[in-house]
Protein chains: 2
Amino acid sequence: MNEERQSGPADVKRRIIEEATRLFGTQGFDGTSIQAIADAVGIRKPSLLYHFASKEALREAAVESLLIHWKNELPGLLTAHISGYDRFSSSLTAAVEFFLEDTNRARLTVREMLDRPETAHARMKEHLSPWTTLLTDYIRMGQESGTIKADVDPASYIIQVMVMVIGTVAIGDIVAALVLPGGGDSMEAKVSELVRICRESLFSSPRKPA
Amino acid sequence: MNEERQSGPADVKRRIIEEATRLFGTQGFDGTSIQAIADAVGIRKPSLLYHFASKEALREAAVESLLIHWKNELPGLLTAHISGYDRFSSSLTAAVEFFLEDTNRARLTVREMLDRPETAHARMKEHLSPWTTLLTDYIRMGQESGTIKADVDPASYIIQVMVMVIGTVAIGDIVAALVLPGGGDSMEAKVSELVRICRESLFSSPRKPA
DNA sequence: CCTACCGATCGGTAGG
DNA sequence: CCTACCGATCGGTAGG
């Protein structure tokens, strides 16, 4: 009747999702067998299928878990700080570093976008569009008050920032090979250049207005 | 003994690579069977394996073909025009539109970066690093003459531009869903915003110096 | 370029 | 959560 020792069934489910996210992210959905996931968790294949009725159900659970994670963490990280030229840099840096903490999640996200465009489209919209609307409004307000360049297209700007953030985390290391003799500069340099590009193409002047 | 009618063997190889690029790009390497590729071409599976000894050999041929295409077309498109503030925009627009012409190639490229980081790293470096070096040098020269912002990190800047270009083509439509109520603005708007972001974060002043 | 065929692995089920 | 098992499909080969 003890209820705290060892791994409860909820813990097993969590570990399955963890390993699935890692393997789907690095090798892709079709490139990962449920056998391989079961091996990584340390259980047999039919045991995994007791927790998730099908491989497809596991995929959906992994993506859902990923989106919930972002939905819970990102808005607080961003909305609390986006309120001026200086804070813009630090909050965008924090957001990129948040994604960098778990590269597998970023890779799985990109793979989902490639593998199932319509489904990914619908699900991301459902979870994330509420707070991207906030960002769009913030840009429009900045344009009215003159702190943000008038020729910024708010929606397209946010799309490009997201493409840069997720792209840098998912494939930045490989793209870096095209440019650098050594084979890749530090991720730090890429992140600070990303922030610089976003900042200088958004605000009206290099110094914040009074 | 006629040699121009119907499809020669070289033509069949070309069509196999075409269909493989399309299917690998949309469904992934592991998500595409050689049976499916043979069906799309209109031949039997063992016939396909006569032209390419293995599925892996076909993958390599498809990626090689893609890189050769870019290597042949891009340098002329870029180096001829990157020589000032105005031409920068038109040549970057042309480059993005070049990628947009064949979305499958962009998707296959991103998938290769995710599926086989080291191999993709090495092969892209081999084919493309010579002319990215030219771009880096161009930025450094602009910094010395004052037309380009001093705080630009040339290598990281080029990486971010490439991430934006390839990311916009491969997953721009899906990311757009996060932002727009309608479900995605026109690709045109995304491209012109991409160009604006790259331009305004690169040059020293909004008007080109004399 | 084809027919015929192979061993291995896939996702999933039966039954406990 | 396990053992035992299934039909389907996979990449690839033999032989012509």
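Every chain is numbered from 1, with letters handed out A, B, ... down the list of sequences.
Remark on DNA chain C: of its neighbouring residues D30(A) and Y50(B), the 5'-side contact belongs to Y50(B), judged by nearest-heavy-atom nucleotide.
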Taking N or O atoms only and anything under 3.5 Å, show me the protein contacts with nucleotides 4-7 of chain D, one pair per line.
none

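In this structure, E56(B) places its CD atom 9 Å from P of dG12(D), rounding to the nearest Å. Rounded to a whole Å, the CD atom of Q35(B) is 9 Å from the P atom of dG11(D).
Counting only distance, with no hydrogens or angles, the side chain of R111(A) and the backbone of L114(B) share a donor-acceptor pair below 3.5 Å. Without hydrogens or angle criteria, S192(B) side chain to A189(B) main chain gives a donor-acceptor distance under 3.5 Å.
Checked against dC1(D), dT3(D), dC10(D), the side chain of R44(A) finds its nearest nucleotide in dT3(D). Nearest to the side chain of I43(A), among dC2(D), dG12(D), dG11(C), sits dC2(D). For I34(A), counting side-chain heavy atoms from C-beta on, the closest listed nucleotide (dC2(D), dG11(C), dC1(C)) is dG11(C).
For R116(B), the CZ atom is densely surrounded, since the number of other residues' heavy atoms within 6.0 Å is greater than 12.
Figure legend: K149(B) and Y157(B) shown without cation-pi pairing, the cationic atom not lying both under 6.0 angstrom from the six-membered ring centre and within 45 degrees of its axis. For the pair R59(B) and F29(B), the cation-pi criterion (under 6.0 Å, within 45° of the ring axis) is fulfilled.
When both distances must be under 3.5 Å, the Watson-Crick or G-U wobble mate of dC10(D) is dG7(C). Remark: dG15(C) base-pairs with dC2(D). Criterion, Watson-Crick or G-U wobble with two distances under 3.5 Å.
At the phosphate of dG11(C), neither OP1 nor OP2 sits under 4.0 Å from any side-chain N or O atom of S54(A).
Across all their heavy atoms, A62(A) and I17(A) have their closest contact at CA-CG2, 4.1 Å.
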